[in-house]
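Report on the following structure.
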Amino acid sequence: MPDPYDLLLVGGDVLDPGGGHTGRLDVAVRDGRIAAVGPGLGHAARTVVEVAGRLITPGLVDLHTHVHPGAGYWGIDPDPIAWYTGVTTWVDAGSAGAYTLDGLRDFAGGRRVRVAALLNVSGPGLAARTGECRDLAACDVAVAIDTVLAHRDLIRGVKVRVDAEAVGGNGVEPLRRALAVADACGVPVMAHIGTAPPDPAEVLELLRPGDIVTHCASGIAAPLGAAAGGAHERGVLFDVGHGSGGFAFDVLEAQLDAGLRPYTISTDLHARSVYGPVFDLPTTMAKLLAVGMPLPDVVAAATVHPARALRLDAGTLTPGSPADLAVFAVEPGEFEVVDAHRQTRRAPLRLVNEATYVAGRRLEPRLPAPPPSWIPLTDAQHAALRRRERDVRALLGAPLVGVDGLAEQFPRPPRSTAAPARTAVPSRE
């Protein structure tokens, strides 16, 4: 008799574009990996979870995040977000450069989620809000190559921000240096586009097949026309990278009309965008549903596609793969969603996470830290945070259950039915 499964999810609707599993299927886990996917897996299991009426996907893979708090302007802790969003693999996109990579490694090693990294071509990484590539001496190709080679297990590519604030008067030279590092190490480049100069077309024309352009539907860069079409045709991967200013519905719709479909859906989740307009990856996925992308394509773009882009062991339920799973309720309706420029659309459904598993273990709830003092928030965002704190305090401050929900954990010994003897008190006379 084979060993029992450690975990068995029973009766869910599986959507696994990478592994080719679709339909009413059970998912079995043993030793932290997918053991089987199929109908009616009646094998013994230590833990059986009934998930009828729920959508089961591979754990989501977010290709563009910033997950190193305390080391710079942008970082957040992924664990307090992962448990309620289904994101099990977080790719830190350039928070650390060669000078700061050890700190990111130490932080990532203490997370429940999986963390991969794109090394910033600039040695300091994103310690400040911007400007990291204005000093070309910090964009040291040899040092970056040595860093990638020394941290192959963590580093899966090179990141460079190519906009006016980040590069100053250096144009596309930081990108050329990032490409040199990537060529030497056999990894892709992720290039951020934004405010010119340099013109986003210059960036797109330098990118190779398999490289990634993030903020692909930016309302600021607006990558449309011959350069965008040529890059897409030769295999440059278009990544949403929503962020605080990198996503516009009208640009995305024009790209879709031109056949420029995003390959990956990512959030650029960081210390500003987590409070809006991004919020999380399932919300970002709803925005792609709102412009007409089918649900299987949206799930593929948030699971197997980012995994393939960086050669990650993630994003699929193929037996033998890590048992990273997300369980969602699918809520149909008309849900308003908003881009970085306050344009709105309506999504026909939303995915509400009900459980997230990493290596077959369910992530427990964790509360996020308050925003750092340097993060600009609106009055409405501050008020919502105060309201959330009050709600959490009220929830945790109330007794969990009443008397009917308690057991006598340490019973008293039974009392004797006979009246206890009374001890005579000596007279003082």
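The analysis underlying the following values was restricted to heavy atoms, covering all of them including side chains, and did not include hydrogens, waters or symmetry mates.
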query: Which atom pair, heavy atoms only, marks the closest approach of I212 to A309?
result: CD1-CB, 4.4 Å

task: Please check if any side-chain donor atom of T318 sits under 3.5 Å from a side-chain acceptor atom of T316, or the reverse.
output: yes

task: Establish, from distance only, whether the side-chain atoms of T85 and D280 form a donor-acceptor pair under 3.5 Å.
output: no

task: Decide if the gap between the ring center of F247 and the ring center of H215 is smaller than 6.0 angstrom.
output: no

statement: Closest non-hydrogen contact found for Q255 with C216 is NE2-O, 2.6 Å

- prompt: Below 4.5 Å, heavy atoms only, C-beta onward: do T47 and V49 meet side chain to side chain?
  reply: yes

query: Which one of R361, R46, R33 satisfies the side-chain hydrogen bond (donor to acceptor under 3.5 Å, both in side chains) criterion with D6?
result: R46

- line: With V158 as partner, the option from D183, V181, L175, L179 fulfilling side chain to side chain contact (heavy atoms under 4.5 Å, CB included) is V181

- request: With the side chain counted from C-beta on, respond yes when D339 and P277 share a heavy-atom pair under 4.5 Å apart, and no when they do not.
  value: no

task: Using a 4.5 Å cut-off on heavy atoms from C-beta on, say whether the side chain of C185 contacts that of L149.
output: yes

query: Is there a side-chain contact between D26 and L8 (heavy atoms, below 4.5 Å)?
result: yes

query: Which heavy atom in V115 sits nearest to a heavy atom in V67, and how many Å separate them?
result: CG1-CG2, 4.1 Å

task: Tell me whether the guanidinium CZ or amine NZ of R111 lies under 6.0 angstrom from the six-membered ring centre of F107 and within 45° of its axis.
output: yes

- prompt: If you take all heavy atoms of A323 and V29, which pair is closest and at what distance?
  reply: CB-CG1, 3.5 Å

query: Are any of the side-chain heavy atoms of P198 and V167 separated by less than 4.5 Å?
result: yes

field: For D324, the option from R112, R362, R114 that meets salt bridge (Lys or Arg N to Asp or Glu O under 4.0 Å)
entry: R114

message: For H66 and S95, which I'm curious about, is there any donor-acceptor pair between the side chains at under 3.5 Å?
response: yes

